[in-house]
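Here's the structure, in structure tokens; my notes come after.
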Amino acid sequence: VVSWTAVVSGYAEHDCGEQAIECFNEMLYEGITPSAVTFLCVLKACASIGPLAEMHAEIERSSLLDRGTCIRTTLVDMYAKCGSIARAQEVFDSLDVRDVVSWNALIAAYVDAGFSEEALDCYECMHGEGFCPDSVTILCSLKACGNIGAENMGTDIHCEAERRGLLERDFAVGASLVGMYSKCGLFTKAWEVLEKLSVRSVALWNALFSGYAEHGRCEEALMCLEHMEVDGVQPN
RNA sequence: GUUAAAGUCACAC
């Protein structure tokens, strides 16, 4: 089981949904009984290729997955990726035990679907329930803020990220902060964040660059290219 | 004396 699952997982990880499912079928054909982890990986694969309600039904049927937070989180993700946000919310509501990751999945679901307000509502709910945001929470929520220009909320989230030291731990957090401020047109704040970071990734500069471009500030956008060069960062 | 496969992910395009 484990080695078959490892292969399925590998395919799923690289968005090769079809192969993952093919492999899963082959495994069944060989008479191997899938474990909870196998189902989880197959589900992940499903998310990339389309709605597979059969998979959900299968999971509900197999008692070993009765109240698994992991597997239900994957289901939340799967429904969201298939465009069925209502089903995603339903599955989330069915969780007996929530954790940061399942909250993150729900937040990401709303952001992806273009419901940024709802995503931020989720963020606040999660906070209210006493969960600590991690860098994924921060990334998804900041994206939501940028989408709708929620600068106050964005600033709150910024504080939270600093309090938890997430800016140092995950370079993507810095880029998403810069992106959020840029989208809101708060370039001074974007620069403040940028200057405080010791490592400046290409993503960071891209975020600022595209922010300027979006706001029609072409000269400043082009200046970013020069800054990148000074920083020794290759544009991609 | 507990070592295998597992859930959520930013910028840009």
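For clarity, every value in this text was computed on a predicted model and none was experimentally measured. Letters A, B, ... are given to chains in the order of the sequence lines, protein chains preceding strands, and every chain is numbered from 1.
Looking at residues two or more places apart in sequence or on another chain, you find a ring pair (Phe, Tyr, Trp, His ring centres under 6.0 Å) between Y212(A) and F187(A). In this structure, S9(A) has no side-chain hydrogen bond (donor to acceptor under 3.5 Å, both in side chains) partners at least two apart in sequence or on a different chain. For D93(A), the side-chain hydrogen bond (donor to acceptor under 3.5 Å, both in side chains) partners are Q89(A), not counting sequence neighbours. Residues satisfying the salt bridge (charged side-chain N to carboxylate O under 4.0 Å, His left out) criterion with R169(A), sequence neighbours excluded, are absent altogether. By the salt bridge (charged side-chain N to carboxylate O under 4.0 Å, His left out) test, E90(A) is found to be paired with R87(A), residues two or more places apart in sequence or in another chain being considered.
No close placement of the W103(A) and H127(A) rings is indicated, their centers lying 6.0 Å or farther apart.
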Report, one pair per line, the protein and nucleotides 1-3 of chain B atoms (nitrogen or oxygen only) whose separation is under 3.5 Å.
none

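Within residues 1-10 of chain A, the residues approaching RNA chain B are V2(A), T5(A), A6(A), S9(A), by heavy-atom distance under 4.0 Å.
Within the structure, salt bridge (charged side-chain N to carboxylate O under 4.0 Å, His left out) pairs that include any residue of residues 3-14 of chain A comprise E13(A)-K44(A) (at least two apart or interchain). Pairs engaging residues 134-156 of chain A under the ring pair (Phe, Tyr, Trp, His ring centres under 6.0 Å) rule: none recorded [sequence neighbours left out]. For residues 192-208 of chain A, the salt bridge (charged side-chain N to carboxylate O under 4.0 Å, His left out) pairs, not counting sequence neighbours, are E162(A)-K196(A), R200(A)-D231(A). Identified under the salt bridge (charged side-chain N to carboxylate O under 4.0 Å, His left out) test for residues 102-129 of chain A, with sequence neighbours left out: R98(A)-E129(A).
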How would you summarise protein contacts on nucleotides 8-13 of chain B per nucleotide, using B for base, S for sugar-phosphate only and - for none, with heavy-atom distances below 4.0 Å? BBBBS-

